Amino acid sequence: MPAPAIELRGITKRYPGVVANRDVNLRVESGTAHAVIGENGAGKSTLMNILYGMVVPDEGEILVEGATIPMSSPADAIAAGIGMVHQHFKLADNLTVLENVILGDEPTGRVGRIDFEAARARIVELGDHYRIPIEPEALVADLSVGNRQRVEIIKVLYRGARVLILDEPTSVLVPQEVDELLKNLRRLTGDGLTVIFISHKLDEVLAVADEITVMRNARTVAHTRPAEITSRELAQLMVGSELPTPEPRTVEVRPEVGLRLRSVSTRGRGHETSLSDIDLTVRSGEIVGIAGVEGNGQAELIETILGLTDPVSGQVLFGEEDVTEAATSVRRRLGLAYIPQDRHREALLLDAALWENRILGHQMHPPINRGVWIDRKAAREDTERIVADSDVRTPSIEVLASALSGGNQQKLIVGREMAGDPRVLIAAHPTRGVDVGAQAAIWTRLSAVRRAGVAVLLVSADLEELIGISDRILVILRGRLVGEFDPAAIGPEDLGAAMTGADAA
Amino acid sequence: MIETRIERLLLQLIAPVVAIVFAALLAAAILHFTGADAGSVLGEVVAFGTTPASLVAVLNKATTFYLAGIAGAIGFRMLLFNIGIDGQYRLAVFFAAVVGASVSLPPVLHVTLIVVVAMAVGAGWAALAGYIKVTRGVSEVISTIMLNAVATGIIAYLLAPGRLAERVAGSNNIRTPPIPSSGWFPGFGVAGKEVFGFTLVAVALGIAFWILLNRTRFGFELRASGLSLRAAAVSGVNSKRMIFVTMVMSGGMAGLVGIPQLLGSSHQYGLDFPAGFGFTGLAIAILGRNHPLGVAFGALLWAWLERSSQILDLLGVSREIVTIMQATIVLSVVVAYEVVRRVNVRRQQKLVGRSEHEGIDNGAAA
Amino acid sequence: MALLLLSAVADIANTPDLLSRGAVSASLRFAVPIVLAGLGGLWAERCGVINIGLEGMMIIGTWMGAWAGFQWSPWVGVLAAIAGGAVFGAFHALMTVSFGVDQAVSGIAINVAALGLGRFLSSIFFEGQPGGGISQSPHVGQIANVSVPGLAEVLDPIAELETPVISDLAEIAIGMTTGVSLLTLLAAVLVFLSWWVLFRTSFGLRLRACGENPAAADSLGVNPNRMRYAALTVSGALAGLGGAFLVTVASSIYREGQVAGRGFIGLATVIFGNWMPGRLTIGALLFGFTDALRTRQETTMTALLIVGAVVFAFLTVRAIRTRNRGATFAYAIAAVGLGWWFLGFGVVPSEFVGFAPHLTTLLVLSLAHQRIRPPQGIGVPYRRSEAN
Amino acid sequence: MPRQRTILLVLSAVLALAAVTACGGESADPTTTTAAPATTAAPTTTEAPTPDFKVAVAYDLAGRGDGGFNDLAYNGAEQAAAELGLELTEVTAKAEDTDQDRSDRLRLLADSGHNPIIAVGFTYAGPVAEVAAEYPDVWFGIVDDGTVEAPNVAGLVFAEEEGSFLVGVVAALESETGHVGFIGGVNVPLIVKFEAGYIAGAKTVNPDIEITSTYLSQPPDFSGFNDPAKGKEAAKGMFDAGADIVYAAAGGSGGGLFEAATEGGYLAIGVDADQYYTAAPEVRDVIMTSMLKNVNVATHTFTTQVVDGSVQAGVNVFDLEAGGVGYSTSGGLIDHIVGEVDAYAEQIISGEIAVPSSTS
């Protein structure tokens, strides 16, 4: 039997206060697709970063094709034939696809001049060979998420990697893109390459992986094959308990309108998509899901409702109140809540204490607001309440938000946004990057919010989530709402087809 | 938590102390290598710097520095780089002097008018930079550099005999007419020297700035915008308005920089009016971490160094060693703060990590 | 177009110096230190670091240039200035990259330190030298000038024809090819070289990538912090060279305060130039041109009144077309105001002439239609542990 | 005779400069400290004959080493101190200095036993008035200001316009193109006096002469005194426009004028000191004359008079008559017109010509 492509032995990595990996062992055979699964915080990403040289382990060794190699930087990994596609793409937006691909391994002529012709030819050739077409001269900023991922894969292949690590590659893709990706992965393993990928989605894992390693609580707890296990059993290995499922719909939608957009159009600047003629009604006590491939106007839709983008025509109403001209602060005061996709960028002041983060977005609401003043005592008290109610694990409300883990940050944000008795809630990918336990908690929260009569607009790429908790699903494509579906009567595949415009064609 | 608060306070104090010691050591080293007796020179400096007359002078100097520092800090809090403090305060104090000399009013009203004019002119001049930043996206770094030059030209034009100024016979100076004594801000005597009355106003402004930052909604929005412009915008802060308002506030504060001098001592604006506080203000703001109390500390330190360095001329030592010391202090304070910050974050992460694991363990047990 | 306008204006306002060879070559000399400072800023910012310390690095450049220049030769001075600037650039990297100091803070501290250091070192090294003192150096030799041989002779007759535009073109050509300092040529080469290195070589690509997304570069084995050290060293070296120009070409002496804000203007040209070397140079030339005009002959400023009036008239027309009422109003007032000023007074007060270059820069920036695209990683320190 | 007196003054200036150079030469030794050689040497001169006096010079912004105004102030005081065996201390101001800083600086000097104290620059007017009242036993001299009225203050003011008139005469007589120029460092009244006198002198000789004036910067931006690059371009502009002689009253920027004149083959007029001697040897040949502002004479006289008790409070005007201002002939370029120029000098002294001190 040949030496495995990759073997990790006794990897341990400690961070201040936490052990991310504890005596982790992993064996990946050459030419296979190997899935590493586990809850968020189980240590998968740390492990992959160790394998890619971005994190140096405290103990343990890494063997590539049977030989121990030093791994202190990505350069070492690249030299050993290992490449990585990160969950958050590592691309420079203002550079072209070609520049991003060749970065760090440029074909150069005399005195360091880049041989652009050679680079272009090689990229096109790689694209043809693996059937991953990309446009070398395009600016990355102009690319869709799926195309960016292709750039990332080409980037790795361009370096002649024999082992590809993909960190949650499907979380940002629509079903058709996922299919495309999985097909590509199979082609890669068919060519003798080795693929290691991290995933949450067990059906994908079962469909594409040759072998599966399960991690829990910083350890590898199981090693198995798809044929030997069901997704239920896998889930139980991951969390040690039942897999949560979205609650069924039990609540009556009320007749009053929470949020309404009347033929809203925007003019997109730069790379933004223009919204055209959006008509949208979310009633109190209703969750309306927005499905769509990323970059089709979801961000602009949210911005318009938040009041950060002014529509060129149309109206935005909260209930009967026309807020088209109203500032974000006014909309907030009228009961708008927002759980953003990128919590670091949009929802948190990372360098401020938790209780100060509690104020954010509520600086004009009681109990925190008292005229021009901020009631710090009330803010602290209410933060204590959220920490207790939402099980935010923190030693104190005085710690900086940056010190919390992602799941706890998200719980704090959800708790905060719910605090003001909102009328309208926009939830953008509320469970992305959140572990299974927290995911269930957030779904429960959303359902509770609906019961309380809030109009919820749920923007998500997770079709299971959309189908599971939405009352209605609208599909957005190139800035237009192109279809409305009953979640009870539609499957992910149909939805995916609508999202890509395949059904319209 | 009380324990960690004390710890945190101590951590914050360590940074400046380390920085000052480091800068003093560096100065001593330079002195030593240039052949002076470092110990006795520094001893003389300290001795001179602690005489009552020196302390009063330091207080007066620090008042001006403090106002400049706060003007810088307001901008920094919002990630705005107001390089224009210099132009703003010169233009402001010039017009304040002109207006102050041209009216006759009862004392309190007169002073109030002068102060209001100064703030308005400073704010207005800064508003230009704010406006083109918000509407045209022109970086305030560029616009304020350019506006400083424009302010210089405007003052030069107006500060001429026959325009808004007069020339004293026999003197080479040109000055605006003197402000009548009803427009003076009385000082108070300490150790036979006079402390600017405006020092008290500066202290009050510092307190007001602190309250504004920490206790009001506006202050929260300002700080939030500085920490994350996007998060603040999402939370309902109009970031364009915020940029504009911050610029105006910074300019308004900058307008006051020359006022202690004008109302407490010169009573007129002339060619001999001090210039160049803009960058000093920014350095002091940085030194004080944009915190009202920290800026006060920075202003006092800076003023003390400037004052006590005067003795160096008499000792035959180049006074520029103090400038080098000031730069060293700014840098080492910042380095020290950064080290402290990292230590603090690590400590917090450790605490958080521990409590998360406790949570997990508890959960498992339950 | 612009040339036509200037040519016509020179006639109308009777300010022949507007497009004379002297004005052109003076513009070059004023622009070169700014270009070099600007390139310094460009290198730093393209790699994600703001370099407010350019002014201080130029001061160090002037001092080092004079110190080595008066003792040995101006070329040694140039090398010393480059070295001095580079050391301070590397120091900026040490502060911002290794110690995580805020980039603006480090820059300001460098400016403060350079001022003190210049005077302090002068008191040690210049005081007592012939012509030297605490605030100035002894006389420094000049870097040689070169001309394109024969060209001036060929073009002179054309220039003297006084045919609009054609003669002006000849004057400009003569101005740009006669009596040009070798350092000016070097600066021109460096503009091209900066573009070439940054946009055509692997080193440049890596450097830019670290300015856009250091985490991406790091994930591909490019060490962003090392690149930033390199970029800042180059940045400082360029600023130092700008300082050397001031003491070996623009004058022959180190004089305290002679940098006079040129570093800051250089920084402004980076933004003006949208982080591109060519456009940056245009910005510096614009500033240098205005500065040259007002320094050489204040009366030339009246010509710029007309230029301003014409430009605003043009903008008014454009605003009318786009139906922007507010802008139309503002531009129209500006156009009429400037025109009225020219016809009514015919002169610009000399106090106002002083800020003409600054105002021009400000107006161009405010009015030009632009899409600014700064490097996205700018101002952000990179630490690997936080990148995950 | 004015001319003889002028020559005498020139000689004394040259001697004084030589003295500075010699002193400076000693301090070039890196182990001894910087600023004032006389100060470091002080302990050895404790047995000086008149230990009651210690001379102090407080400069404005530029400080010593400018090869002009401030150096001259130092030279005079230093010469007197050397002659009388006195200790001498120098202090310098900063741009951000307030009146209080300046007052405190003077107090510091007075407290440490200095007498007389010479304040250089009009910005010291207020502070001198204030501090002089507190120290009635100390003599204060203030250069360039005549407004302080106190029993222990002497204002040392100069008739710069008169000296400038004479170099204006020289320029007009020697200009072949009928076009001359003036470069002022910073647009302040003091420098305007130079311009006014120069214009008057030139116009007196040739009423049709064209005179171009410019200032390099506007207050409080004093970079115009320290920007030789700008001085050079301004001069080039004037030469290109047809001027053949340019006069600069621009401190350190004046060096730029000499370079421009050297490169283009034109002539230049220096200021304050005899710049034929203070400018770099490479450019001295274009310096046809310098407007002498003999600050050294003023500080020397003042210091000596304080020590011998003959000093008078009030304004001491150092005009042409008193030998406070004049013009230099070093280099020999204007030897052939000295008679003519001196004739104008006598008319000024006799009051036949009244020289304006401002341009408007």
Side-chain angles (χ1 to χ4, degrees), chain B residues 31 33-36 48 51 53-54 56-57 60-61 64-65 86 90 148-149 152-157 159-162 167-174 193-194 196 258 260-261 264-266 270-277 280 306-307 309-320 323, chain D residues 29-40 42 56 58 60 89-92 94-105 107-109 111-112 114 121-127 144-148 155 157 186-193 215 217-222 315 358 360:
Chain B
L31 284 174
F33 283 115
T34 51
F48 174 66
T51 60
S54 287
V56 170
N60 285 342
K61 253 179 174 318
T64 301
F65 288 163
D86 210 63
R90 281 191 279 115
N148 279 347
T152 298
I154 292 176
I155 296 173
Y157 179 76
L159 187 72
R167 192 165 158 198
V168 188
S171 163
N172 282 307
N173 200 354
I174 306 183
K193 306 277 166 183
E194 187 163 278
F196 287 152
Q261 175 70 20
S265 162
S266 315
L271 290 176
D272 54 350
F273 203 85
F277 289 128
T280 311
E306 300 248 304
R307 164 71 188 190
S309 67
Q310 289 201 347
I311 194 84
L312 291 178
D313 272 331
L314 294 185
L315 301 172
V317 174
S318 173
R319 203 143 56 92
E320 280 53 53
T323 316
Chain D
D29 179 358
T31 55
T32 66
T33 41
T34 55
T39 313
T40 39
D60 200 9
T89 306
E90 299 167 275
V91 293
T92 311
K94 293 178 94 168
E96 313 95 280
D97 273 352
T98 59
D99 275 358
Q100 187 170 14
D101 292 319
R102 295 191 192 98
S103 310
D104 286 342
R105 187 170 298 118
R107 277 192 198 99
L108 188 62
L109 291 169
D111 281 339
S112 49
H114 290 86
F122 67 87
T123 55
Y124 276 105
D144 276 351
D145 183 90
T147 58
V148 184
V157 299
V186 182
N187 190 1
V188 290
L190 180 64
I191 304 300
V192 173
K193 279 160 90 180
Y215 287 88
S217 78
Q218 303 291 333
D221 172 8
F222 284 90
V315 179
S358 76
S360 49

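The chains referred to below are lettered A, B, ... by the order of the sequence lines, with proteins before strands, and numbering in each begins at 1. Side chains are part of it too, since the values below use all heavy atoms of this structure and drop only hydrogens, waters and symmetry mates. If you're wondering where the values come from, they're calculated on a predicted model, not measured in any experiment.
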Whatever's closer than 4.5 Å to a heavy atom in chain D on B/Thr51 counts as neither
Which region of D/Ser112, side chain (C-beta onward) or backbone (N, CA, C, O), has a non-hydrogen atom less than 4.5 Å from a non-hydrogen atom of chain B, or is it both or neither?
side chain
Using side-chain heavy atoms (C-beta onward) and a distance below 4.5 Å, is D/Leu109 in contact with B/Leu314?
yes
Scored by heavy-atom pairs under 4.5 Å with chain B, the best of D/Val157, D/Asp104, D/Asp99, D/Asp145 is D/Asp104
Honestly, the part of B/Ile155 sitting under 4.5 Å from a heavy atom of chain D is neither
If you count heavy-atom pairs under 4.5 Å between each of B/Gln310, B/Arg307, B/Gln261, B/Arg90 and chain D, which one has the most?
B/Gln310
Mind checking side chain to side chain contact (heavy atoms under 4.5 Å, CB included) for B/Asn173 and listing every partner two or more places apart, or none if nothing turns up?
B/Ser171, B/Arg175, B/Leu271, B/Asp272, D/Phe122
Minimal non-hydrogen separation, B/Ile174 against B/Pro161, with atom names:
CD1-CD, 3.9 Å
In chain order, what residues pass the ring pair (Phe, Tyr, Trp, His ring centres under 6.0 Å) check against B/Phe48, with sequence neighbours excluded?
none
Among D/Val188, D/Val186, D/Val192, which residue meets the side-chain contact (heavy atoms from CB on, under 4.5 Å) test with D/Tyr215?
D/Val192
